[in-house]
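Heads up: numbering here begins at 1 and tracks the sequence. Quantities reported herein were computed from a predicted structural model and do not represent experimental measurements.
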Amino acid sequence: MTRTLASTPVKDGFAMPAEFAPHAGCWLLWPERPDNWREAARPAQLAFAQVAATIARFEPVTIGVSTAHYAAARLALPDSVRLVEMAHDDAWMRDVGPTCVADRRGTVRGVDWRFNAWGGLNGGLYFPWDQDEQVAGKVLEIERLDRYRAPLVMEGGALHVDGEGTALVTEECLLNPNRNPQLGRAGIEARLRDYLGVRQVIWLGKGVVNDETGGHIDNLACFARPGVVCLTWPDDRRDPQHAISLDAWERLHAARDARGRRLKVVRLPSPAPLTMSAREAAGVLRHQGTRPRLAGERLAASYVNFYIANGGIVMPLLDERTDRRAAAGLKRLFPRRRVVGVPAREILLGGGNIHCITQQIPQGHPVRSTGRQSRARNPK
């Protein structure tokens with residue numbers, strides 16, 4: 001059985017690997033709730049299936065799906081994608097799944113953050129979220145990885161690391177009182193050091209305009225490799241995103257990473273402002289306790305929200321006017337990986353994108369339990 005450890009990763013010699021390090025596989029959740037995904041989630045399911053099939057060309061993929069949707073999901077997905085029965089509230093595996101850490105011997109463990117649906121009863125996106133709160137532990141049980149239960153409300157999309165001791169975060173998200181009101185900047189940094197094994201935390205300001213997660217870093221900026229940061233950048237100076245990205249640019253240029261290096265910042269074009277259509281909004285059911293979807297609402301579109309796979313980059317296709325430029329920029333950033341675009345508007349309509357729905361498991365040599373192995377299907 002998976003052990004829940006009383007120590008911390010840093011005390012045990014563990015740290016979070018960069019996303020561009022080798023993966024053992026990738027996890028997703030199946031979109032199902034009709035009060036977030038239009039038309040009973042069917043268009044979103046097709047988009048998720050295409051993302052999963054694309055990632056599966058590069059590394060193993062597992063998807064958690066409820067009992068009610070298991071048969072339909074199996075028909076929609078290639079045989080190469082593993083399905084496990086898993087109850088969940090929504091489909092954001094990046095945020096509800098485990099953040100994995102590894103040591104120098106290649107042992108992999110998982111950090112299980114506390115989750116409150118991006119703000120709890122003070123700005124959270126839905127209620128209840130108790131099934132999402134159990135997802136990380138279930139993934140670790142299936143993967144047979146030992147678990148650290150972190151005393152911090154955190155989502156995986158709220159952090160990026162370079163694998164060499166540096167983390168990127170935003171003030172808008174991590175300092176929001178609806179996450180960890182008892183902690184200030186210093187207290188949050190201390191816990192990030194304990195559970196990510198980082199030595200340097202670089203704070204950017206706000207996230208992408210109208211990002212309902214509260215400004216996650218993974219929609220704004222990410223490490224392409226140590227010392228190199230990819231930043232979303234709009235062409236139009238009148239776009240409110242421009243001031244946010246400019247502030248991030250200035251902070252990144254003033255910063256030093258954990259090894260004392262200046263950072264090279266590469267701009268990735270942003271799509272022009274995209275909005276939800278009346279037809280798209282009308283297809284989402286209204287439900288008490290869930291954030292409504294409104295016609296004309298600006299979508300938090302960003303090409304930075306891509307997934308780094310073994311040998312590949314899976315990027316969102318968002319706007320024909322900018323897709324090619326974004327793909328070319330990613331090819332320059334990742335010359336040894338194949339860049340593959342997947343239509344992702346249906347994912348964007350639900351509040352995130354490809355990075356948000358995925359969570360990598362690093363390649364390593366996890367300590368195996370001598371107990372009886374669990375079956376592929378996880379108890380709800």
Side-chain angles (χ1 to χ4, degrees), residues 26-57 61-78 80-81 83 86-96 118 125-126 132 157 208 210-213 219 271-287 290-303 305-307 314-323 326 340-359:
C26 175
W27 274 79
L28 296 85
L29 290 166
W30 194 242
E32 300 174 11
R33 58 187 305 155
D35 56 352
N36 188 57
W37 306 99
R38 71 188 186 104
E39 298 177 16
R42 285 185 293 271
Q45 289 166 359
L46 294 175
F48 274 57
Q50 191 168 353
V51 170
T54 303
I55 296 174
R57 291 157 54 182
V61 174
T62 303
I63 299 183
V65 59
S66 72
T67 304
H69 286 259
Y70 189 94
R74 183 68 280 167
L75 288 173
L77 291 159
S80 59
V81 173
L83 282 188
M86 182 179 291
H88 55 282
D89 293 302
D90 206 354
W92 308 106
M93 181 59 89
R94 176 67 52 178
D95 292 344
V96 303
W118 308 275
L125 301 184
Y126 50 75
D132 275 351
V208 168
N210 211 31
D211 185 343
E212 63 190 40
T213 64
N219 220 21
L274 303 176
T275 59
M276 180 172 286
S277 73
R279 181 180 179 182
E280 290 166 339
V284 181
L285 296 182
R286 295 291 184 95
H287 187 271
T290 303
R291 182 184 185 274
R293 299 289 174 201
L294 305 175
E297 185 176 47
R298 177 166 175 160
L299 303 170
S302 169
Y303 292 107
N305 210 300
F306 57 84
Y307 181 76
V314 182
M315 65 166 282
L317 298 178
L318 300 170
D319 190 328
E320 291 181 352
R321 296 169 292 181
T322 44
D323 287 344
V340 182
V342 177
R345 182 175 176 87
E346 294 297 337
I347 306 172
L348 179 61
L349 291 173
N353 225 293
I354 291 175
H355 190 263
C356 304
I357 67 172
T358 53
Q359 180 61 272

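Here the closest heavy-atom approach between residue G296 and residue T275 is recorded as O-CG2, 3.7 Å. Nearest heavy atoms, A47 versus E346: CB-CB, 4.1 Å. Across all non-hydrogen atoms, the minimal contact from L318 to P271 is CD1-CG, 4.2 Å. In plain terms, the two heavy atoms of L274 and A301 that are nearest each other are CD1-CB, 3.8 Å.
Judged by distance alone, the side chain of D90 and the main-chain N or O of W92 form no donor-acceptor pair under 3.5 Å. At least one donor-acceptor pair under 3.5 Å links the side chain of R94 to the backbone N or O of H355. The backbone N or O of N305 lies less than 3.5 Å from no partner atom in the side chain of N219, so there is not a single donor-acceptor pair. Checking side-chain atoms of R38 against main-chain N and O of R42 turns up no donor-acceptor pair under 3.5 Å. No donor-acceptor pair closer than 3.5 Å links the side chain of H69 to the backbone N or O of P31. With hydrogens and angles disregarded, a donor-acceptor distance shorter than 3.5 Å links the side chain of R33 to the backbone of D89. Here the side chain of R286 pairs no donor or acceptor atom with the backbone of P292 at under 3.5 angstrom.
Residues M315 and I354 fail the side-chain proximity criterion, which asks for heavy atoms closer than 4.5 Å. With a 4.5 Å cut-off on side-chain heavy atoms, H88 and D132 count as touching. A 4.5 Å side-chain heavy-atom check between E297 and N210 finds at least one atom pair inside the cut-off. Side-chain contact between V65 and M86 is absent, with no heavy-atom pair separated by less than 4.5 Å. M276 has its side chain out of reach of L294: every pair of non-hydrogen atoms, C-beta onward, lies at least 4.5 Å apart. By the 4.5 Å heavy-atom criterion applied to side chains, E212 and L125 are counted as neighbours.
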Using side chain to side chain donor-acceptor pair (under 3.5 Å), reason through N353 and Y303 one step at a time and then give a plain yes or no. CA-CA 9 Å; N353 225 293; Y303 292 107; over 6 Å; no
W27/T62 under side chain to side chain contact (heavy atoms under 4.5 Å, CB included): CA gap, chis, key distance, verdict: CA-CA 5 Å; W27 274 79; T62 303; 3.4 Å; yes
Check step by step if side chain to side chain contact (heavy atoms under 4.5 Å, CB included) holds for Q359 and D95. CA-CA 8 Å; Q359 180 61 272; D95 292 344; over 6 Å; no
Could you walk me through whether W30 and L77 pass the side chain to side chain contact (heavy atoms under 4.5 Å, CB included) check? CA-CA 11 Å; W30 194 242; L77 291 159; 4.0 Å; yes
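When only modelled atom types and interatomic distance are considered, D35 and Y126 share no side-chain donor-acceptor pair under 3.5 Å.
By the side chain to side chain contact (heavy atoms under 4.5 Å, CB included) test, A282 is found to be paired with no residue, residues two or more places apart in sequence or in another chain being considered. Listed by chain and number, the residues in a side-chain hydrogen bond (donor to acceptor under 3.5 Å, both in side chains) with R345 are E280 (sequence neighbours excluded).
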